[in-house]
Amino acid sequence: MPETYKFKSSNQLLHASYSNEYEPIQIIRSVDSIEFDTIDIGWGFTNQNGERVRFESRENEKDWGHPMIGPFYVEGAKPGMTLEIKINELKADWYGWNCAGGKGSWQNDALGISGVPEVTLNWLINNENNIAKTKIKDLEVTVPLVPFLGVLGTAPSETGVHSTIPPRYCGGNIDCKELVEGSTLYLPIAVEGALFSAGDGHAAQGDGEVSGQAIEAPFEKVNLTLTVREDLNITMPRANTPAGWITFGFDEDLNKATVTALNGMAMLIQELYGIEKTEAVALASVCVDLRITQIVNHVKGVHAVLPHNINITAIKKYE
């Protein structure tokens, strides 16, 4: 019978970089689930009484990285296979924050806000009403909660220690707001055991994540099921979400990221429906949306979305 392994954030479980040499915190079987909480990207957690609890990475990285729990070693996972991650449950905790301005970045420079004082928005999260609320001067702002994890990744095959900031072929800091509860993400497996890690809870985000953060929030509960798929061989992440099927592209050049996402979608359509690439592109031009995932993670992200309301023969390969 599949098992569910439960974890509570601690310094012994958290790390802030990717490496295929890190020791796993748990060995699990394919189809087992993991359940855990997360801390926000400030490496802390604020209790309702206002006490700020600080955390540290067990790997003692010199450079900042996202706090992730893991890695998890999945038995039977081998390079060339695919890791299927079913996102069963996501629940944000009671607060979140984001900011803009202050530090220099290409988008802040372009917008003329690099040198101005940083502005931070503090958000109160209400799970019962499914909203997050903040104040900007005399304005009260309410947005719907759309919780998702920004970081979901397997370890890369390349040696050394790798930053969590840029997403890559095996996932990581994808920051795609469509990866909500009920979604399934497919990641290439590049190393033995997959070495899957996750974190970076977002309570809500716009496509682009233009200030550099979503509503950065700790998560009270995350439940994921990890399954090794020997029948799938992919080179970039894919996902099946409530919004539709999704393919991704990552590159410093937005045009190249777009081509990668679009080519991935054309290949997916070919694979699923048995049509030629030119036919797949013609279909995509009518019903696939290209969206800018994020522009702030050293490389830019683009995702292509094929909505589920397109009347095409049922997808069977992924069932």
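These values consider heavy atoms only, across backbone and side chains, with no hydrogens, waters or symmetry-generated copies. Keep in mind that what you see is a predicted model, and the values were worked out from it rather than measured.
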A.B. asks: Begin with the C-alpha distance, continue with both residues' side-chain angles, and end with the deciding distance and a verdict on side chain to side chain donor-acceptor pair (under 3.5 Å) for Q107 and S105.
C.D. replies: CA-CA 5 Å; Q107 76 275 12; S105 63; 3.2 Å; yes
A.B. asks: Search all heavy atoms of S33 against all heavy atoms of T225 and return the closest pair with its distance.
C.D. replies: OG-OG1, 2.7 Å
A.B. asks: Could you label the plane-to-plane angle of the W245 and Y186 rings as parallel, tilted or perpendicular, counting under 30° as parallel and over 60° as perpendicular?
C.D. replies: parallel
A.B. asks: Please report the closest heavy-atom contact between N127 and D93, naming both atoms and the distance.
C.D. replies: ND2-O, 4.1 Å
A.B. asks: So which residues get pulled into L195's cluster when ILVMFWY side chains under 4.5 Å apart are joined, directly or through others?
C.D. replies: I27, Y73, V191
A.B. asks: If every non-hydrogen atom of A280 is compared with every non-hydrogen atom of A266, which pair is closest and at what distance?
C.D. replies: CB-O, 3.7 Å
A.B. asks: Using atom types as modelled and distance alone, determine if a side-chain donor or acceptor of S183 lies under 3.5 Å from a backbone N or O of E178.
C.D. replies: yes
A.B. asks: With side-chain contact (heavy atoms from CB on, under 4.5 Å) as the test, would you mind laying out the steps for N263 and K277 before giving the verdict?
C.D. replies: CA-CA 9 Å; N263 191 55; K277 189 169 188 178; 2.4 Å; yes
A.B. asks: Apply side chain to side chain donor-acceptor pair (under 3.5 Å) to residues Y169 and S157 and explain how you reach the verdict.
C.D. replies: CA-CA 10 Å; Y169 66 92; S157 62; 3.3 Å; yes
A.B. asks: By side chain to side chain contact (heavy atoms under 4.5 Å, CB included), which residues pair with E252, not counting sequence neighbours?
C.D. replies: V299
A.B. asks: Scan for ring pair (Phe, Tyr, Trp, His ring centres under 6.0 Å) pairs involving residues 76-132, sequence neighbours excluded, and state none if there are none.
C.D. replies: none
A.B. asks: Does any N or O in the side chain of R238 come within less than 3.5 Å of the main-chain N or O of M265, such that one atom is a donor and the other an acceptor?
C.D. replies: no
A.B. asks: Can you tell if the side chain of K78 reaches within under 4.5 Å of the side chain of E192, non-hydrogen atoms only?
C.D. replies: yes
A.B. asks: Does the side chain of C287 come within less than 4.5 Å of L306's, by heavy atoms?
C.D. replies: yes
A.B. asks: Would you say the side chain of E3 lies within less than 4.5 Å of the side chain of I28, judging by non-hydrogen atoms?
C.D. replies: no
A.B. asks: Quick one: are E279 and Y273 in side-chain contact, heavy atoms under 4.5 Å?
C.D. replies: no
A.B. asks: Do I269 and L283 have side chains that get closer than 4.5 Å, going by heavy atoms?
C.D. replies: yes
A.B. asks: Let's go through F36 and L13 carefully: what are the C-alpha distance in whole Å and the side-chain angles of both, what is the deciding distance for side-chain contact (heavy atoms from CB on, under 4.5 Å) to 0.1 Å, and is it a yes or a no?
C.D. replies: CA-CA 10 Å; F36 53 91; L13 300 180; over 6 Å; no
A.B. asks: Any side-chain heavy atom of I113 within less than 4.5 Å of one from N108?
C.D. replies: yes
A.B. asks: Do the side chain of Q213 and the main chain of C99 share a donor and acceptor less than 3.5 angstrom apart?
C.D. replies: yes
A.B. asks: With the threshold set at 4.0 Å, does a side-chain nitrogen-carboxylate oxygen contact exist between K103 and E118?
C.D. replies: no
A.B. asks: Does the pair I292 and D207 meet the rule for a side-chain contact (heavy atoms from CB on, under 4.5 Å), with working shown?
C.D. replies: CA-CA 6 Å; I292 298 176; D207 283 331; 5.6 Å; no
A.B. asks: Nearest 0.5 angstrom please: L179 CG to L185 CG, how far?
C.D. replies: 5.5 Å
A.B. asks: NE2/H303 to OG1/T241 distance, rounded to the nearest 0.5 angstrom?
C.D. replies: 8.0 Å
A.B. asks: Sub-3.5 Å donor-acceptor pair from the side chain of S17 to the main-chain atoms of V161, do we have one?
C.D. replies: no
A.B. asks: To check you understand the geometry: which heavy-atom pair defines the closest contact between P307 and V305, and what is its length?
C.D. replies: CD-O, 3.4 Å
A.B. asks: Listed by chain and number, what are the salt bridge (charged side-chain N to carboxylate O under 4.0 Å, His left out) partners of E158, not counting sequence neighbours?
C.D. replies: none
A.B. asks: Is there a path of hydrophobic side-chain contacts, each under 4.5 Å between heavy atoms, that joins M68 and V74?
C.D. replies: no
A.B. asks: Identify, with sequence neighbours excluded, every residue that meets side chain to side chain contact (heavy atoms under 4.5 Å, CB included) alongside D63.
C.D. replies: none
A.B. asks: Any idea which heavy atoms bring A304 and V288 closest together, and the distance?
C.D. replies: CB-CG1, 3.9 Å
A.B. asks: Only counting residues at least two apart or in another chain, list the ones meeting side-chain hydrogen bond (donor to acceptor under 3.5 Å, both in side chains) with H202.
C.D. replies: D200, Q205, E216
A.B. asks: Sub-3.5 Å donor-acceptor pair from the side chain of S285 to the main-chain atoms of V281, do we have one?
C.D. replies: no
A.B. asks: For the backbone of D37 and the side chain of S9, can you confirm whether one donor and one acceptor N or O come within less than 3.5 Å of each other?
C.D. replies: yes
A.B. asks: Please tabulate, one pair per line, all N/O donor-acceptor pairs under 3.5 Å involving side-chain atoms of residues 149-156, not counting sequence neighbours.
C.D. replies:
from : atom 1 : to   : atom 2 : distance (Å)
T154 : OG1    : C170 : O      : 3.4
T154 : OG1    : P188 : O      : 3.0

A.B. asks: Which pairs would a plain distance check flag for residues 132-148, meaning a side-chain donor or acceptor within less than 3.5 Å of a matching protein atom at least two apart in sequence or in another chain?
C.D. replies:
from : atom 1 : to   : atom 2 : distance (Å)
T134 : OG1    : N122 : O      : 2.7

A.B. asks: With sequence neighbours excluded, what pairs up with T120 under the side-chain hydrogen bond (donor to acceptor under 3.5 Å, both in side chains) test?
C.D. replies: none
A.B. asks: Roughly how far apart are M81 CE and L232 CG, rounded to 0.5 Å?
C.D. replies: 11.0 Å
A.B. asks: So, does H15 use its side chain to make a donor-acceptor pair with the main chain of Q12 at under 3.5 Å?
C.D. replies: no
A.B. asks: State plainly whether one hydrophobic cluster holds both L111 and V296, where clusters connect Ile, Leu, Val, Met, Phe, Trp and Tyr through side-chain heavy atoms under 4.5 angstrom apart.
C.D. replies: no
A.B. asks: Which residues satisfy the side-chain hydrogen bond (donor to acceptor under 3.5 Å, both in side chains) test with S57, sequence neighbours excluded?
C.D. replies: E61
A.B. asks: Passes side-chain contact (heavy atoms from CB on, under 4.5 Å), L226 versus L83? Steps please.
C.D. replies: CA-CA 7 Å; L226 307 183; L83 187 66; 4.2 Å; yes
A.B. asks: Which pairs, with at least one residue in residues 248-267 and sequence neighbours excluded, count as a ring pair (Phe, Tyr, Trp, His ring centres under 6.0 Å)?
C.D. replies: none
A.B. asks: Tell me whether R29 contacts the main-chain N or O of M1 through its side chain, where contact means a donor paired with an acceptor under 3.5 Å.
C.D. replies: yes
A.B. asks: Apply side-chain hydrogen bond (donor to acceptor under 3.5 Å, both in side chains) to T247 and list each qualifying residue two or more places apart in sequence or on a separate chain.
C.D. replies: none
A.B. asks: For F219, does its backbone N or O pair with a side-chain atom of T38 as donor and acceptor, under 3.5 Å?
C.D. replies: yes
A.B. asks: Compare all side-chain heavy atoms of E84 with those of T82 and state whether any distance is below 4.5 angstrom.
C.D. replies: no
A.B. asks: Taking the side chain from N47 and the backbone from N49, do they hold a donor-acceptor pair closer than 3.5 Å?
C.D. replies: no
A.B. asks: Among K91, E35, K6, which one satisfies side-chain hydrogen bond (donor to acceptor under 3.5 Å, both in side chains) with N223?
C.D. replies: E35
A.B. asks: Give a yes or no on whether I87 and I69 share a hydrophobic cluster (residues Ile, Leu, Val, Met, Phe, Trp, Tyr; joining criterion: side-chain heavy atoms under 4.5 Å apart).
C.D. replies: yes
A.B. asks: Which atom pair, heavy atoms only, marks the closest approach of A217 to D40?
C.D. replies: C-CB, 4.1 Å
